[in-house]
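Notes follow once the structure below has been shown.
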Amino acid sequence: MCGIVGYIGNSQCFPILIKGLHRLEYRGYDSAGVAIIDAENQLKLCKSRGKVAELESFCQSKDVSGTIGIAHTRWATHGEPNDTNAHPHVSADGNIAIVHNGTIENYNVLKRALMKHGCEFKSETDTEVLVQLIQYIKQNNSCTLVEAVTESLGQVVGAYAIAVVDRNTPGTIIAARKSSPLVIGIGDDATYLASDATPIIDYTDKVVYLNDDEIAIIKKDEPLRVITTDNKPSNIDIQTLKLSVSQLEKGGYPHFMLKEIFEQPSTIEDSIRGRVVNNRIELSGVNLNRSKFVDAERIIIVACGTSWHAGLIGKRLMQDFARVPVSVEYASEFRYSNPVISSRDIVIAISQSGETADTLAAITLAKKMGAFVYGICNAVGSSIARATDSGTYIHVGPEIGVASTKAFTGQVTVLAMLALAIDPGTVEQLSKDIEALPSLIKETLKLNSTIENLSSTYTYVHNFLYLGRGYNYPSALEGALKLKEISYIHAEGYPAAEMKHGPIALIDHELPTVVIAPNDDLHDKIISNIQQVKARGGSVIAIVTKGDKAIKEIADHTLEIPKVAECLSPIIVSLPLQLLAYHIAIKKGCNVDMPRNLAKSVTVE
Ligand code: M6R
């Protein structure tokens, strides 16, 4: 979703802004732009529809000199992706430029009011309303830029991260946030600004995460100042990033997605490290809050997309091992469902990015209603990690590919450990099973070339069905989501036994079915489901445990995975599902790392 970069210092800012925008490309966007203030305090604006590379070539013939600038990648919300709607937006007098992430819900009311005062608008965006409002207030109240920004934000309903420059306020960037992330990088003689730390890591590891309702006043030759929207000074907490540039590169793989799939032996090792101790699971977040977990009447998991699928597996794990009732809610539904929550409830929020707007809103609601909120996040220092009462990081490193892969397996691994940690007994066999995961993953990834070959058979089908049971019903949902988001093939995931209640009508020789059928308690039942598909002329790709002769005889293709504990099998079966989606999408010529219309972190509702 939209990305912000800013720079103020002594170097030419254009290359720094462009490199930063490239770093944020993974978030998903459809246009990009920069605004630069030069040595004569002139405001230079360049923006265009399309990729950052197109903006770069568009700017080649332009004067982009200057040492203060803001830049943006836009993921369209208000108005189609075009040059006019791209950010930065500039006030009618041409003095003030703004970049904005988020949505201004009352933009129409504000726009109408400004139009009555003679304001004219060029774009369809909510963002232009904000910059016109800032200009209007600054002009009419004869106030400073920071006062005008503060006053304007007081009139705004919605979510925002903004950066503002003004040719009449030289040497200054004003930044502010509410529900949309902003990180400030403190360099030796420069200050950086970005939606996440990835554009900053090349220059400094010292960062300040702006909090909701805070405004940063970033000046060229003065220390950073942060105030609240009600004009009180804020504490500046400088943190040290634990992120390396190599983690943000492809490392020889053609795509981030493939790199991230193949990283899983080591990312799962990182998730487990220090947490399996003498046949027990030690999670500091649980140890420090044991009474909350012991007293919990129920657990409610809130999440979106792939993280929600991980939550479904988490439900089963916690019911099986911690024997506590668990429900799993889409965060976007939970927040509007008038939920019944008490202080004896634990709400677990799962999010890779830690910035998903719906999940963040669900957390705010749950906390307001007295629940103890536990986060399972990947992005260290993210909004969700900071908004929750406690939690466990999955520690799989930055996930750049839009399709979540290593974060999913990290989430399920952490959920398994969480389920076992809640009941503090020794779990000898299961802790060994968890420790064995990295080598099982490595073995499973050997299926890569088989799946690459198999994908040719299915490149041009229009629909896919995914079936699974028990622990692997959520795997079916996840397999289908992975395929549809990167290959644009319609795919549905179903609990295998539900097929006969409707989806069976779809089955014919044109509809392939992926059946997730490892050797578990429901193995015989799933064999019947495969037979039902075969009896209707459907083809079957089955994911089975090594040596499964029964399914090999009836399925069209089998992908053999190593034997694994049933409760951990979703981690292993997700690998062939990820690879199948990847290879089909590649054969179709799709951009797997940045699929159309999708954003990596969904920071709007
Ligand atoms: O960052 P989050 O885990 O909160 O993101 C939730 C979903 O937006 C995300 O999982 C999405 O469904 C992915 N594109 C799936 O691959």
Side-chain angles (χ1 to χ4, degrees), residues 261 403 444-470 472-520 522-561 569-570 572-590 592:
I261 291 173
T444 311
L445 289 172
K446 290 185 188 149
L447 284 170
N448 185 39
S449 53
T450 310
I451 295 174
E452 186 175 1
N453 292 335
L454 177 66
S455 65
S456 314
T457 315
Y458 295 102
T459 310
Y460 296 106
V461 301
H462 296 294
N463 298 289
F464 251 97
L465 185 62
Y466 284 69
L467 302 176
R469 300 189 72 137
N472 286 304
Y473 149 54
S475 307
L477 300 181
E478 175 58 10
L481 176 65
K482 222 75 311 170
L483 184 73
K484 77 182 110 181
E485 67 180 339
I486 59 168
S487 74
Y488 319 139
I489 295 174
H490 169 248
E492 274 191 67
Y494 252 87
E498 271 294 303
M499 178 183 63
K500 59 186 175 293
H501 299 288
I504 199 164
L506 297 171
I507 290 176
D508 63 13
H509 68 282
E510 288 186 355
L511 180 85
T513 302
V514 176
V515 184
I516 300 152
N519 222 337
D520 57 23
L522 296 171
H523 189 251
D524 288 345
K525 310 259 177 217
I526 212 151
I527 291 180
S528 322
N529 299 133
I530 295 175
Q531 272 156 342
Q532 288 157 11
V533 174
K534 289 305 303 168
R536 284 154 186 88
S539 60
V540 169
I541 304 166
I543 298 174
V544 298
T545 307
K546 224 164 232 166
D548 186 330
K549 291 202 182 95
I551 295 188
K552 209 165 187 170
E553 271 172 22
I554 49 173
D556 299 78
H557 311 277
T558 48
L559 298 171
E560 294 192 325
I561 58 166
S569 63
I572 301 301
V573 305
S574 71
L575 305 164
L577 296 174
Q578 293 166 359
L579 287 167
L580 185 65
Y582 172 81
H583 286 298
I584 290 178
I586 292 296
K587 293 238 159 72
K588 282 190 76 179
C590 299
V592 294

A side-chain contact here means heavy atoms from C-beta on lying under 4.5 Å apart; do L465 and L511 qualify?
yes
Given the rule in the side chain to side chain contact (heavy atoms under 4.5 Å, CB included) test, do I584 and I486 qualify, once you have shown the distances and angles that lead to the verdict?
CA-CA 9 Å; I584 290 178; I486 59 168; over 6 Å; no
Quick one: side chains of residues 524-531, donor-acceptor pairs under 3.5 Å with protein atoms, not counting sequence neighbours, listed by atom name and distance.
from : atom 1 : to   : atom 2 : distance (Å)
S528 : OG     : D524 : O      : 3.3
S528 : OG     : K525 : O      : 3.4
N529 : OD1    : R469 : NH1    : 3.1

Backbone N or O of H583 within a donor-acceptor pair of the E452 side chain at under 3.5 Å?
no
Taking atom OH of Y494 as the centre, report whether more than 12 heavy atoms of other residues, nucleotides or ligands fall under 6.0 Å from it.
no
List the residues meeting side chain to side chain donor-acceptor pair (under 3.5 Å) with N453, not counting sequence neighbours, and say none if there are none.
none
Rounded to the nearest 0.5 Å, how far apart are CD1 of I489 and NZ of K588?
4.5 Å
Given side chain to side chain contact (heavy atoms under 4.5 Å, CB included), test L454 with L559 step by step and report yes or no.
CA-CA 10 Å; L454 177 66; L559 298 171; 4.3 Å; yes
Could you go through E492 and L506, starting from their C-alpha distance and side-chain angles, then the distance that decides it, and tell me whether this counts as side chain to side chain contact (heavy atoms under 4.5 Å, CB included)?
CA-CA 11 Å; E492 274 191 67; L506 297 171; 4.2 Å; yes
Shortest non-hydrogen pair, I516 vs S475, comes out as CD1-C, 3.7 Å
Looking at D556 and V540, would you say the former's side chain and the latter's main chain have a donor-acceptor pair under 3.5 Å?
yes
So does E478 pair up with K482, basic N to acidic O under 4.0 Å?
yes
Is the shortest side-chain heavy-atom distance between I507 and M499 below 4.5 Å?
yes
S455: partners by side chain to side chain donor-acceptor pair (under 3.5 Å), with sequence neighbours left out:
K587
Taken to the nearest 0.5 Å, the spacing of K546 NZ from I561 CD1 works out to 9.5 Å
Evaluate L580 against L483 for side chain to side chain contact (heavy atoms under 4.5 Å, CB included), listing each step before the verdict.
CA-CA 8 Å; L580 185 65; L483 184 73; 5.6 Å; no
